[in-house]
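Input: a single structure, listed below in structure tokens.
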Amino acid sequence: MIVLRRFLQLLDFIAVLFLLIQGHVLCDGGSNARCIDNEAHALLKFKEGLSDPSNPLSSWTTGKDCCQWKGVGCNRTTGRVISLDLHCANSSDKLQGRELSSSLLQLPYLSSLNLSGNDFMQSQVPSFLGTMKSLKHLDLSNANFKGPLPESLGNLSRLESLDLSRNDFSLEVNNLEWLHVLSSLKNLDLSGVDLSSSANDWFRDISMLPSLVTLRLSGCQLRNLPQSPPQVIFHSLVTLDLSFNYFNNTIPDWLFEKCHDLQHLNLGNNQLQGPIPDFIERLNSLVSLDLSHNEFIGSIPTTLGQAHGQNRVGANPRLKELHLSNNQLNGSLERSLGQLSKLTVLDLAGNNLEGKITDAHLANFKSLRVLDLSFNRVILNLSKNWVPPFNLETIGLGNCQLGPQFPKWIQTQKNFSYIDISNASISDTVPDWFWDLSPSIEYMNLSFNQLRRCGHDFSSKFKLHTLDLSYNNFSCPLPHFPPNMITLDLAANSFYGTISHVCEMLGVNNSLSFLDLSSNDLSGVIPNCWQYGKHMIILDLANNHLFGSIPDSLGNLTSLHTLSIYSNNLSGRIPDTLENCEVLIVLNLWSNRIWGAVPSWIGQKMQILRVLMLGRNSFEGNIPTTLCQLESLHLLDLSENQLTGPIPRCVFAAMVTPDTDRSYIYDPYTTYVEHLYLTFKGFYLYHSRNMLRALTVMDLSSNFLTEGIPVEITMLVELVALNLSRNQLVGSIPSDIGELKNLESLDLSRNQLSCAIPTSMASIYSLMILDLSYNTLSGKIPSGPQMEDFDVFSYEGNPHLCGPPLTEACDRKNSFQDIKHCSASEGNREHENDGNHEDNNSVVLGISPFYISMGIGYITAFWVFLGCLTFITSWRYAYFRFLDNMNDRIYVTIAVSLAKLRRKFQGQQVSQYPN
């Protein structure tokens, strides 16, 4: 019996096992179920609307089970298509389509659609998506859609995740009321979508979504961050990103009262003000906090980073990332570090924090991976043999005092990808161990120190894309660099030799965008290897000893914004290929030996040029009038050349009206400094790039320019400096010169200008430099505080000038001489009517050449006629006989006419009174 019972139990076990195996096979059989034919046909039709150059949809072929196609997910049992994931992480595999095919409507069970990272070529998000009621997850991020979002998306009542972010700020929403129905929505990302039309109601509409876990509205052009609390409590909200908007008030209290479970808060890149509130401690679940790039003031709250609860001793173990960079925070950093010791990311760069940090302050930062204290008033007073408890990936200590010795503790950090120890008061040799310390290095900035020793070969560092060694004391031949460099700045050192190594970075697929080798001892010719530089934005080879001609291949740099090769020994003409550089903003060829005519295509092709510096070369010919087409031009320097002819009557738009363009012309290279040298009175005025927007200058000095000063110059009211000295200009100074209210420097010296100094010049209150010397100006110097403050050297060489600050008083002799020499008002009026002073004497007298010639002709004809009658008797007799005959004829004619009139009058009287 026992054996039989056990045998029956074994049979039962086998039967159950059989049923389980059979059930498993049936379920697995569902995974092998073929997809529905009409759904496969719908997918193929969807494919027809796409182009896939790299063929990522090669598996989508007729006759093959569509459930096995790439990106297609099916229900295991029914074979219905339930998901379509065609997201693209690699730009080379992008799908392209002019619109989203409506064949997706034939997939009624589709619950997840991901098309992110593809290119739909600025087409609109189709409204038919709102009829796909089964959708739970919709991701159209980074897919190049454009236009208004269809409100029909509000019909997707099952939607749990919606991501429309990163569409190049091309999507827009008129209102967000359609969100009210999406009660199941947990993840919403509208970053980069223009919500400005619903700026006042966005918060009310969002608060209708009680299930939200993640909300990202970064870069949505929002301006109003409500201070009053919402009607609901965001119990489930974990991530809130409102960065890159225009909020300009304080952080509202409700954020700390209604969002208790918030773990990730990003309010960075706004205009938030006031102190960081102490009750931020209420967000006791906070893992990362980003308040960077705002206008917060005060100190770091003592509660930030503290453990929350009854026992507040020690740091909060949950808070891992703290970003407070680029605010106006002040106070002691030493006092705040203790409560932040559990952080993995500490970014306090760009504030006014101060303190002396020692080993003890950093002893408990065992988890730290990112440390950025740059641009604060911080001194790192670390012991020579200190071994940090952390291993950093980012070392940001720019503008902190680390020196004078090179910090030895960095030798313990062997995994960093980013290091910035610029302007750190280090005056030492760079140890050999440093260059090969981290194989992961991507960004290295050692600029603005006094570092020595170089010669390292960087060519094997294939991850390195940014290297800044500028403003140091490195002296060696130019090193070798890897082909994947993006930014290379070696300016203001003593590197010597040729620059042929640059060609190693300029292969077919190079990414070099920024190259600054200026102010070194480099020599040789500029290599002709720029044919693959399509990404180059900044090229600065200035202030070296380069010679030869400008290579033609520079014309391939079609993305170039700045070409600066001033202060070299370059010769030859400007190559015509440079006309392909149509987005140039700065062209600086100052102080070389370049000759030929100034190319006319500069004005025709380079329409956004702001700075044109061709001074101190050997250019010849006239100034091309096409330069007048440069509507953005702020700085024009053609000084010290051999230019001839008149000054063009240009009205540069950017010199007439204030600059309203707030875009930074050197983005994304905000650390770059463009040196501009302008000659005024024999010395140099230095202006850095951050002053370029306010600098409006015209320097045409030291040429052979003739004729007069065009009155159009007085329309350039934004001019800060005007230098027309050392030419051959004639005529008077325009009477409206006083319209240049922003003028700080005016040099018209060493010309042939005449007439009086216009009285309007006394109203230029900003004028600090004035030189009118060595002309033929006359009359009284206009009275005005700043006019008298200039020394006599501003007026010397004009013997007919009088009045302060000159010692010669203005008496009758001076006044008579002034009238004899030139009438200022008439001279200016003539100058306004005719800018071509062909006869300087007529300008001085103030009389038009037409009237002068007419008077001379009349006098000549009169005396010729009178002389003939006097000396030729027969002519005199004939002339008087002619007069006598004419007199008799006129007398007879008049007498006969009067007789006829008398008889006619008498006849009328007889007819009126008959006998």
Non-hydrogen atoms of [X] and [Y] that approach each other most closely:
X    : Y    : result
P277 : P301 : O-CG, 4.1 Å
L156 : L182 : O-CD2, 3.0 Å
N449 : S425 : OD1-N, 3.3 Å
W254 : Q227 : CD1-O, 3.6 Å

Go through the steps to decide whether F390 and F365 satisfy the test ring-ring contact (aromatic ring centres under 6.0 Å, His included), and finish with yes or no. CA-CA 6 Å; F390 46 72; F365 283 80; 7.4 Å; no
I need the [X] [atom1] to [Y] [atom2] distance, nearest 0.5 Å.
X    : Y    : atom1 : atom2 : answer
L195 : L217 : CG    : CG    : 6.0 Å
N326 : E295 : CG    : CD    : 11.5 Å
L371 : L348 : CG    : CG    : 8.0 Å
I297 : N330 : CD1   : CG    : 8.0 Å
N391 : L368 : CG    : CG    : 10.5 Å
L222 : L225 : CG    : CG    : 9.0 Å

Do [X] and [Y] have side-chain atoms, one donor and one acceptor, less than 3.5 Å apart?
X    : Y    : result
S288 : H264 : yes
N376 : E354 : no
D168 : S170 : no
S83  : D85  : no
N114 : H137 : no

So do the side chains of [X] and [Y] get within less than 4.5 Å of each other, counting heavy atoms only?
X    : Y    : result
I441 : I419 : yes
L86  : L95  : yes
Y109 : S111 : no
L129 : L100 : yes
I206 : L212 : yes
L291 : I251 : yes
L329 : I276 : yes
V213 : L237 : no

Kindly assign one of parallel, tilted or perpendicular to the pair Y443 and Y418, based on the angle between their ring planes and the thresholds 30° and 60°.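 Rings of Y443 and Y418: parallel, as their planes differ by under 30°.
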Look only at the side chain of [X] and the backbone of [Y], and say whether a donor-acceptor pair between them is shorter than 3.5 Å.
X    : Y    : result
N118 : K94  : no
N351 : L324 : yes
E334 : K356 : yes
D205 : F203 : no
K342 : Q339 : no
N167 : A143 : yes
D241 : S243 : yes
S211 : S183 : yes
N364 : K366 : no
N294 : L272 : yes

Intermediate values then yes/no, side-chain contact (heavy atoms from CB on, under 4.5 Å), F416 and V370: CA-CA 9 Å; F416 60 86; V370 174; over 6 Å; no
The single option from L397, D359, T358 passing side chain to side chain contact (heavy atoms under 4.5 Å, CB included) against L380: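 Looking at L397, D359, T358, the match for L380 under the side chain to side chain contact (heavy atoms under 4.5 Å, CB included) is L397.
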For S422, run the side chain to side chain contact (heavy atoms under 4.5 Å, CB included) check against S374, C400, S447 and tell me which one passes.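 Answer to the side chain to side chain contact (heavy atoms under 4.5 Å, CB included) test with S422 among S374, C400, S447: S447.
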Strictly by side chain to side chain donor-acceptor pair (under 3.5 Å), give each pair with a member in residues 399-414 just once, sequence neighbours left out.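 Passing the test, one end in residues 399-414: no pairs.
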Is there any side chain to side chain donor-acceptor pair (under 3.5 Å) pair reaching into residues 146-162, and which pairs are they, with sequence neighbours excluded?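 For residues 146-162: E151-N175.
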Residue pair S285, R318: steps toward the side-chain hydrogen bond (donor to acceptor under 3.5 Å, both in side chains) verdict: CA-CA 7 Å; S285 298; R318 293 187 178 180; 3.2 Å; yes
As a quick check of understanding, evaluate side-chain contact (heavy atoms from CB on, under 4.5 Å) for D347 and L322, giving each step before the final call. CA-CA 6 Å; D347 184 1; L322 179 61; over 6 Å; no
Audit row: L171, V125, side-chain contact (heavy atoms from CB on, under 4.5 Å) steps and yes/no: CA-CA 9 Å; L171 291 175; V125 176; 4.2 Å; yes
List for me each residue that meets ring pair (Phe, Tyr, Trp, His ring centres under 6.0 Å) alongside F279, sequence neighbours excluded, and say none if there are none.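 Result, ring pair (Phe, Tyr, Trp, His ring centres under 6.0 Å) vs F279: F256.
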Can you list the steps and then say if N248 with N270 is a side-chain contact (heavy atoms from CB on, under 4.5 Å)? CA-CA 7 Å; N248 58 3; N270 281 284; over 6 Å; no
